[in-house]
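First listed ligand is number 1; within each ligand, the first listed atom is number 1. On a predicted model such as this, the values are computed, not experimentally measured, just so you know.
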Amino acid sequence: MADEFDLFVIGGGSAGVRLARIAAGHGARVGIAEARFWGGTCVNVGCVPKKFMVMAAEYGLGADDAVGFGWSIERGAHDWARFIAAKDVEIARLNRAYTGLLERAGAQMFEGYARFIDAHTLAIGERRVRAARIAIATGGLPTRLDFPGAALAIVSDDAFHLPARPERVVLIGSGYIAVEFAGIFAGLGAQVEQVFRQDLPLRGFDPDLRMGVADALAANGVLLRPSVTPMRLEAHGTMKKLFLSDGTSLEADCVFMATGRSPHVAGLNLAAAGVVVGPSGAIPINAHYATNIPHIYALGDVTDRLNLTPVATAEGHALADTLFGGRARSVSLAGVPSAVFSIPPLASVGISEDQAPAGTRVFVAQFTPMRHNLSGRARRSLMKLLVDPVTDRVLGAHMLGEDAPEIIQGLAVAMMAGATKGDFDRTIGIHPTVAEEFVTMRTQTRVVGG
Ligand code: NDP
């Protein structure tokens with residue numbers, strides 16, 4: 001049987017949609033299958049609805065802050081159902097935007113799980129398709145810890161359609177998702193406790209940011225329970241009881257497990273195509289996204305390297321250009337900025353202080369942002385630069401505070417271009433902003449290892 005498609009993409013998320021759209025734009029005959037929702041995790045149960053939830057929480061806090069500026073505002077009640085409905089209308093619009101993009105590009109869309117029959121053939125329901133090349137872009141799924149009663153906890157997929165905003169929430173974990181939802185639920189008025197095994201949240205981030213975010217969570221009323229692990233979860237009517245490794249227990253109406261995500265490979269029948277899977281379920285790839293089977297590719301979260309939407313979309317674009325655009329390229333994972341949409345948010349690019357070589361110059365500024373001198377809210381901003389003592393290159397930039405992701409995005413460009421501390425110093429600030437602090441840090445705070 002002749003190949004019906006030049007490329008078949010499994011998964012209509014950030015990586016898959018970009019790959020299919022650009023490949024079709026290059027003239028390839030492209031098919032794409034999506035089993036759950038177009039746009040994938042980011043659009044449906046990730047970045048986008050999460051950011052709306054952060055905004056919803058921030059409006060409540062903003063109402064409190066406005067009083068210090070002369071407004072007579074009372075927060076009133078938050079209507080969870082109305083908010084979720086409004087959010088869903090926008091998500092549905094985005095779903096349509098994604099399918100519209102694919103349609104206009106000329107990609108053929110299939111709704112259903114795709115399963116390998118052999119290395120060139122896929123089954124989607126009753127339908128069989130053959131393709132010269134196949135790309136696996138199935139993303140990841142939230143993982144649950146393995147302890148008795150773990151299934152009683154919700155995971156991030158569930159958090160976007162809860163029937164009501166929980167009154168008492170226990171979050172398990174202190175990665176991106178736990179920290180973000182702690183801010184969301186606390187901001188919306190819930191009583192929140194966060195249980196995690198490290199001494200500070202956000203392992204892997206700069207130590208000053210980790211301390212700063214712990215303070216920010218506490219300032220938002222989140223009760224932090226560091227250095228413990230959950231052992232057992234029980235349901236008592238609508239109430240849940242979580243037993244911890246230190247012998248204590250917590251009660252809540254919602255226990256939210258945010259303990260990582262794992263590659264979504266179940267049901268693909270990869271063995272039929274001979275595609276090798278690593279021990280964690282991630283699909284190993286070479287520098288050009290090829291699996292061990294040269295015409296089968298994998299990209300985005302299913303490869304479990306740097307699980308961020310902009311990385312996945314960039315990889316999709318690069319693979320399409322490589323295969324059909326006459327421009328072989330791959331995406332560098334060096335210098336990728338990232339943000340955690342805590343309240344306030346934090347963002348980082350480059351190395352953290354604990355990754356910095358001895359001798360690295362450290363500049364730290366901590367202050368109360370202008371707004372909170374009047375709002376009275378106990379909220380501090382933290383900004384930090386790590387500088388190579390020999391080349392003067394800025395090796396890391398970190399910020400916790402309002403607009404941190406917006407500010408760090410700009411600094412990431414400067415750092416990609418090789419900016420030195422001298423370049424930062426001769427840049428004139430925009431006054432009065434928080435961002436100007438990054439170009440006015442004159443006094444070195446310390447030297448790594450000094
Ligand atoms: P993370 O990997 O960020 O965090 C997982 C958390 O679970 C950590 O606190 C980890 O602890 C804890 N954990 C893991 N295993 C255990 C265990 N056996 N016992 C106790 N605790 C455990 O995962 P998330 O679920 O928060 O998010 C998944 C991924 O999605 C992120 O890594 C990121 O790539 C992406 N994401 C990105 C966002 C953004 O860009 N803003 C937002 C949300 C998600 P420890 O640190 O000790 O390992």
Side-chain angles (χ1 to χ4, degrees), residues 13-15 40-55 139-147 150 153-160 170-184 194-205 207 209-210 213-214 217 222 224-233 242-246 255-264 280-282 300-315 333 336-349 352 354 399-400 404-406 408-409 412:
S14 305
T41 298
C42 175
V43 170
N44 295 279
V45 287
C47 334
V48 176
K50 176 274 309 286
K51 189 140 183 201
F52 283 130
M53 287 177 137
V54 172
M55 289 170 179
L141 291 172
T143 48
R144 280 174 199 276
L145 301 184
D146 185 16
F147 57 76
I154 67 161
V155 292
S156 57
D157 278 6
D158 308 312
F160 299 99
V170 171
L171 279 147
I172 303 175
S174 62
Y176 284 82
I177 294 178
V179 167
E180 292 179 343
F181 274 93
I184 289 167
Q194 192 174 346
V195 169
F196 49 100
R197 63 182 175 183
Q198 304 295 326
D199 56 345
L200 286 170
L202 292 178
R203 180 171 63 82
F205 278 83
L209 282 191
R210 296 180 68 191
V213 82
L217 285 161
V222 176
L224 300 180
R225 299 291 306 266
S227 311
V228 285
T229 50
M231 308 296 286
R232 188 170 88 253
L233 181 57
L242 183 68
F243 295 85
L244 303 174
S245 53
D246 63 358
V255 174
F256 184 153
M257 205 179 292
T259 47
R261 296 173 60 84
S262 56
H264 185 193
S280 69
D301 286 7
V302 77
T303 60
D304 200 15
R305 292 156 305 136
L306 197 47
N307 298 334
L308 299 171
T309 290
V311 171
T313 44
E315 290 182 342
L333 298 185
V336 173
S338 82
V340 179
F341 292 91
S342 44
I343 299 179
L346 63 90
S348 282
V349 57
S352 62
D354 38 18
M399 177 173 173
L400 169 73
E406 309 288 344
I408 291 290
Q409 179 70 83

Residues in ring pair (Phe, Tyr, Trp, His ring centres under 6.0 Å) contact with Phe181, at least two apart in sequence or another chain: Phe160, Phe185, Phe256
For Gly173, the ligand 1 atoms whose distance to one of its heavy atoms is below 4.0 Å: 9 (O)
Those atoms of ligand 1 less than 4.0 Å from some heavy atom in Lys50: 41 (N), 42 (C)
Close approach of Ala258 to ligand 1, heavy atoms, under 4.0 angstrom: yes
Under 3.5 Å between some N or O of ligand 1 and some N or O of [X]?
| X | answer |
| --- | --- |
| Asn307 | yes |
| Gly260 | yes |
| Thr229 | no |
| Gly175 | yes |
| Ile177 | yes |

List the closest protein heavy-atom neighbour of [atom]: residue, atom name, distance to the nearest 0.1 Å.
| atom | value |
| --- | --- |
| atom 47 (O) of ligand 1 | Gln198 NE2, 2.4 Å |
| atom 46 (O) of ligand 1 | Arg203 NE, 2.9 Å |
| atom 40 (O) of ligand 1 | Leu308 CD2, 3.4 Å |
| atom 30 (O) of ligand 1 | Arg261 CD, 3.7 Å |
| atom 9 (O) of ligand 1 | Ser174 N, 2.7 Å |
| atom 11 (O) of ligand 1 | Arg197 NE, 3.5 Å |
| atom 7 (O) of ligand 1 | Thr259 CA, 3.1 Å |
| atom 41 (N) of ligand 1 | Ala339 O, 2.8 Å |

Leu306 and ligand 1 - part of the residue with a heavy-atom distance under 4.0 Å: neither
Interatomic distance, [X] atom [atom1] to [Y] atom [atom2] [nearest 0.5 angstrom]:
| X | Y | atom1 | atom2 | result |
| --- | --- | --- | --- | --- |
| Leu242 | Ile172 | CG | CD1 | 5.0 Å |
| Leu145 | Thr259 | CG | OG1 | 4.0 Å |
| Thr41 | Leu141 | OG1 | CG | 7.0 Å |
| Arg261 | Asn307 | CZ | CG | 8.0 Å |
| Glu315 | Leu308 | CD | CG | 10.0 Å |
| Arg144 | Ile154 | CZ | CD1 | 9.0 Å |

Heavy-atom check, side chain of [X] versus side chain of [Y], under 4.5 Å:
| X | Y | result |
| --- | --- | --- |
| Ser174 | Gln194 | yes |
| Ile184 | Lys50 | yes |
| Leu346 | Leu202 | yes |
| Glu180 | Phe341 | yes |

